[in-house]
Asker: 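Take this structure first; my questions come after.
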Amino acid sequence: MSASPPAPSAHSIAFRLAYIASLAVIFTFATGLVDGGTGVGSAQAFAQPIFPIANALPGLMLATLLLVLSRRPLLSFGIAFVLEALVYAVNALKVSNLNTPLMPADFRMLGQLRRGGLKLLGSYLPASPWPYLALVVALGIIVLAWRQEVPLFARRTRGRRLLCGTSLMLLLGTLLAGTPGWTKIYGNRHLWLEPWSAQATAEHSGLVSSLVMFHLHQGHARKKPDTAAAQQLIERADAGLRERLQAAPNAGERPDIVVVQSESFFDPSIMKGYEDADLTPNLHRLAAEGESGALHVPTYGGGTIRTEFEVLTGLSLRYFDDLQFPYLQMNHKVVPSLVRTLRSHGYETIALHGNDPGFWNRNTAFRAIGFDRFVSRSSFPAHAAMDGQYMADSAMTDEIMTQLKDSGPPQFLFAISIEAHGPYDVPPADAARRDAIPVPEGITGKNKLELQNYLYHMQHADQELGRLAELLAHRERPTLLLFYGDHLPALTDTYNANGFVDGRDMLSQAGVWLLVDPRNPTTPKQESLASWMLPGRLLEQAGMRDEAYFALTQVIAPQLATLTRAPGAPPASEDRDEQTVDQDMANVALLRMKGKLDPLLPRVEVQTAQAAGPHFDSLEQAEPAGVQQ
């Protein structure tokens with residue numbers, strides 16, 4: 001074994017410290033250059049040095065830790081910068097598709113890669129070979145540095161390396177754990193957080209600082225419900241609430257209920273150039289036979305489970321700051337929901353989705369929400385139709401009708417479509433039909449192709465809505481049909497180029513909802529709702545009016561519906577009364593999630609059938625509901 005090199009001289013130590021400091025400065029400036037935010041660029045290095053330094057600090061700590069372990073400075077700073085650059089590349093993809101930067105909860109998606117997420121998320125990767133070539137070159141340089149770079153200091157340092165490495169690991173650990181002490185840098189008088197806009201925060205403080213600040217904010221922003229404020233809202237709504245609760249239930253058998261969450265569905269007539277086009281004739285025809293209107297949802301371009309969670313639970317994510325992807329953050333066995341209410345009325349509850357059941361953690365989340373069965377991709381027929389990258393909506397309609405029975409307990413079937421899911425550069429089954437779809441002037445090239453691909457699949461969704469309504473109208477049993485779009489498709493460049501009829505941006509646009517009894521058309525009614533208000537409206541239409549929380553959502557719907565918007569959207573203006581109702585409803589929602597709301601609500605004595613058949617869990621022995629906050 002060779003002897004350790006002699007201790008460096010004082011001059012040598014000073015030189016090496018200066019060398020490391022120079023690499024740190026270069027790393028900081030390079031991070032600001034890659035970031036591109038106005039607050040962290042080189043122009044701000046002297047005006048507000050804390051901004052670029054704080055943005056680079058996590059990467060600098062990682063580089064220093066690697067230096068302690070490898071003793072090779074170029075290798076260490078190179079690895080740290082490549083990892084940082086990968087984060088920025090993923091952020092660029094997200095901004096391009098969803099118009100919003102990375103958030104801490106996005107890193108939970110890493111756990112979804114082995115659950116069907118790799119294929120779906122991988123389809124958004126750039127087709128150009130240059131990014132991958134650059135990554136290969138970077139990895140080659142790292143390998144070369146490992147083999148050729150001379151270590152900066154001796155292997156044996158009498159415990160100093162161990163002490164430094166342990167200290168750095170602990171320091172990084174406190175950052176990852178969200179220790180409040182970090183707010184002295186990432187917050188207060190130095191950097192500031194704009195909770196309503198991740199994009200604005202990243203622009204003035206840098207992406208990395210934004211991730212750290214949201215991580216610190218969400219980890220320690222757990223709200224405690226104000227029971228008195230919730231009680232005041234319930235008391236103010238008492239008259240309307242009791243009027244709804246006292247309404248007589250429908251006579252006769254309970255209707256079957258079919259809910260269709262249509263992937264990326266919206267009415268294109270809100271876009272300039274399509275004002276007079278009728279691309280959704282079945283939606284418009286059925287809207288003249290029932291209830292419909294604008295639907296305000298908490299996401300844009302993706303994040304389907306945000307809208308899905310609100311519809312199934314009746315809880316607004318507006319009141320849960322730390323729940324970006326609720327299905328990935330659940331830690332309780334029971335969550336209050338529309339599904340459980342229907343089970344208490346004797347319904348068999350079925351979820352249906354032609355995709356991997358593990359993606360978005362639906363297989364676990366649906367147990368907590370209360371579904372009896374989950375019919376996923378493997379349960380569909382082997383010959384189920386595909387169109388583009390995903391299962392066709394026609395296959396979903398066929399499976400809905402297969403699952404519905406004309407005898408036995410009433411059924412609640414929640415169907416999630418996927419045909420119109422992005423990306424929209426995959427050729428469809430009928431390219432000629434796609435090419436015949438007109439687009440507004442000025443939409444050309446890649447944007448034109450993506451818009452035509454989307455409209456091709458969206459029109460299939462509208463056609464299947466019409467076909468499903470027709471099939472349900474001829475069933476022996478009565479059936480209610482609720483149809484809605486989970487969010488607008490991620491056609492960001494097209495929206496920016498073309499614009500919307502109302503002049504507002506893409507994040508402020510509403511989708512659509514429709515509730516009809518296909519066998520018994522009614523006088524049309526239009527109303528704007530938020531997605532968390534749909535279950536209350538559905539229960540009322542089905543004649544189940546004994547659930548006070550869902551009735552409360554209907555009493556306050558006119559005041560709060562338009563407040564639900566996608567992350568990053570300009571916040572809706574509120575007067576003092578609306579702010580009071582909004583704040584009080586937040587306390588109601590928090591109590592509901594914690595299983596502590598029922599004692600505050602009025603009750604009605606309604607005889608209901610007990611659900612029959614096997615269930616995932618025993619409701620009588622269920623623990624209080626909730627999610628990790």
Side-chain angles (χ1 to χ4, degrees), residues 27 30-37 40 54-63 77-139 142 172 175-176 197-203 205-215 218 299-306 324-325 327-329 359-361 389 421-425 446 450 487 489-493 507 566-568:
F27 186 96
T31 299
L33 182 64
V34 172
D35 187 290
V40 296
N55 193 51
L57 183 58
L60 288 171
M61 288 194 296
L62 175 60
F77 280 88
I79 291 175
F81 188 75
V82 167
L83 292 175
E84 187 179 74
L86 285 175
V87 171
Y88 276 101
V90 173
N91 177 72
L93 286 174
K94 186 182 179 188
V95 171
S96 174
N97 286 281
L98 304 183
N99 205 49
T100 184
L102 280 176
M103 293 283 284
D106 289 319
F107 290 90
R108 293 177 178 268
M109 291 299 296
L110 294 174
Q112 299 298 300
L113 296 181
R114 57 185 176 85
R115 299 175 178 176
L118 183 59
K119 178 180 178 182
L120 190 151
L121 297 177
S123 61
Y124 287 96
L125 293 176
S128 170
W130 295 112
Y132 309 104
L133 182 60
L135 181 59
V136 170
V137 170
L139 292 175
I142 288 173
L172 275 170
L175 182 62
L176 294 175
S197 177
Q199 187 170 6
T201 303
E203 180 65 23
S205 295
L207 174 66
V208 176
S209 290
S210 173
L211 286 168
V212 173
M213 286 191 285
F214 274 101
H215 177 53
Q218 294 172 353
T299 189
Y300 161 80
T304 294
I305 58 169
R306 291 177 60 80
Q324 184 174 358
F325 299 129
Y327 288 0
L328 305 183
Q329 296 169 261
F359 189 62
W360 284 133
N361 200 34
Q389 187 162 320
H421 200 292
Y424 301 111
D425 55 1
K446 177 174 176 285
E450 290 185 345
H487 52 69
L491 300 170
T492 302
D493 291 342
L507 299 180

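In what follows, residues are counted from 1 in the order of the sequence shown. Note that the structure is predicted; figures quoted are calculated from it, not measured.
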Asker: For the CE atom of M213 and the OG1 atom of T201, what is their distance to the nearest 0.5 Å?
Answerer: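 With rounding to 0.5 Å, CE (M213) is 6.0 Å from OG1 (T201).
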Asker: How close do A54 and S209 get, counting heavy atoms only, and between which atoms?
Answerer: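 Distance-wise, the nearest heavy atoms are C-OG, 3.5 Å.
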Asker: Would you say N91's side chain and L102's backbone share a donor-acceptor pair under 3.5 angstrom?
Answerer: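 Yes, because the side chain of N91 sits within donor-acceptor range (under 3.5 Å) of the backbone of L102.
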Asker: Any heavy-atom pair between the side chains of M61 and L175 that's under 4.5 Å?
Answerer: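 Result yes, sub-4.5 Å side-chain heavy-atom pair found.
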Asker: Looking only at heavy atoms, what is the nearest atom pair of V212 and P58, with distance?
Answerer: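 Distance-wise, the nearest heavy atoms are CG2-CG, 4.2 Å.
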Asker: What pair of heavy atoms forms the shortest contact from A56 to F27, and how long is it?
Answerer: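 Minimum heavy-atom separation between A56 and F27: O-CE2, 3.8 Å.
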Asker: Assess whether side chain to side chain contact (heavy atoms under 4.5 Å, CB included) is satisfied between L207 and V34, documenting all intermediate values.
Answerer: CA-CA 10 Å; L207 174 66; V34 172; over 6 Å; no
Asker: Within the 4.5 Å heavy-atom criterion, are V82 and L135 side-chain neighbours or not?
Answerer: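 Yes, their side chains come closer than 4.5 Å.
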Asker: Between W360 and F325, how do the two ring planes meet: parallel, tilted or perpendicular, split at 30° and 60°?
Answerer: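 Tilted, since the angle between the ring planes falls between 30° and 60°.
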Asker: Are any non-hydrogen side-chain atoms of E450 and L491 less than 4.5 angstrom apart?
Answerer: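 Touching, per the 4.5 Å side-chain cut-off.
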Asker: Ignoring hydrogens, what is the shortest heavy-atom contact between A30 and F81? Give both atom names and the distance.
Answerer: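 Where A30 meets F81 most closely, the heavy atoms are CB-CE1, 3.6 Å.
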Asker: Take V90 and L86 through the test side chain to side chain contact (heavy atoms under 4.5 Å, CB included) and record every step on the way to the result.
Answerer: CA-CA 6 Å; V90 173; L86 285 175; 5.6 Å; no
Asker: Any side-chain heavy atom of V208 within less than 4.5 Å of one from V87?
Answerer: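 Not touching, per the 4.5 Å side-chain cut-off.
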Asker: Closest approach of P104 and H215, non-hydrogen atoms and distance?
Answerer: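 What the structure gives for the nearest pair is CG-N, 3.6 Å.
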Asker: When rounded to the nearest 0.5 angstrom, what is the spacing between CZ in F77 and CG in L62?
Answerer: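 Going from CZ on F77 over to CG on L62, the span is 10.0 Å.
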Asker: Which distance, rounded to the nearest 0.5 Å, do you find between the CG of N55 and the CG of D35?
Answerer: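 Output value for this atom pair is 5.0 Å.
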Asker: Looking only at heavy atoms, what is the nearest atom pair of T299 and A566, with distance?
Answerer: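 Looks like C-CB, 3.6 Å.
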Asker: Backbone N or O of Y327 within a donor-acceptor pair of the N361 side chain at under 3.5 Å?
Answerer: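 Such a contact is found between N361 side chain and Y327 backbone.
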